[in-house]
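A short write-up of the structure that comes next.
Everything numeric in this text was worked out from a predicted model, so none of it was measured.
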Amino acid sequence: MTELTTTQISGLTERQRQVVALIAAGCSNVELGRELGISPRTAKAHCDVLRRKLGVPRRRHIPAAYRSLTGEDPLAGAPGLSPLGG
């Protein structure tokens with residue numbers, strides 16, 4: 001994983017933060033799209049942009065990169081999702 005900067009995180013939109021939370025919750029692109037009212041292809045595009053912004057090679061690294069930089073639980077940004085899965 002590359003080193004992250006505050007600028008990279010502060011540059012995330014509210015929608016991108018929602019996507020981070022849904023990825024952290026284990027959602028696929030289809031589920032992510034369904035939750036946000038977008039197509040799975042658009043969901044994948046969001047993931048690709050997040051990977052580049054956060055400097056990680058894999059989709060599954062996005063939540064860890066977010067947590068590493070902010071110290072925040074990425075699940076806290078998803079409506080209806082909690083870190084305990086409830």
Spacing of [X] atom [atom1] and [Y] atom [atom2] [to the nearest 0.5 Å]:
{"X": "S39", "Y": "R34", "atom1": "OG", "atom2": "CZ", "value": "12.5 Å"}
{"X": "I23", "Y": "L75", "atom1": "CD1", "atom2": "CG", "value": "11.5 Å"}
{"X": "R67", "Y": "D73", "atom1": "CZ", "atom2": "CG", "value": "4.5 Å"}
{"X": "Q18", "Y": "T13", "atom1": "CD", "atom2": "OG1", "value": "8.0 Å"}

Looking at every heavy atom in both [X] and [Y], which two are closest together, and how far apart are they?
{"X": "A43", "Y": "G33", "result": "CB-N, 4.2 Å"}
{"X": "L12", "Y": "R17", "result": "O-NE, 3.7 Å"}
{"X": "R58", "Y": "R51", "result": "C-CD, 3.6 Å"}
{"X": "R59", "Y": "S28", "result": "NH2-C, 3.7 Å"}

Task: Check: I38 and H46 side chains under 4.5 Å, non-hydrogen atoms - done: yes
- [ ] Tell me, with the steps shown, if D48 and K44 meet salt bridge (Lys or Arg N to Asp or Glu O under 4.0 Å).
- [x] CA-CA 6 Å; D48 291 343; K44 182 184 181 320; 2.9 Å; yes
TODO: Would you confirm whether E35, through its side chain, and L32, through its main-chain N or O, come within 3.5 Å as a donor-acceptor pair?
DONE: no
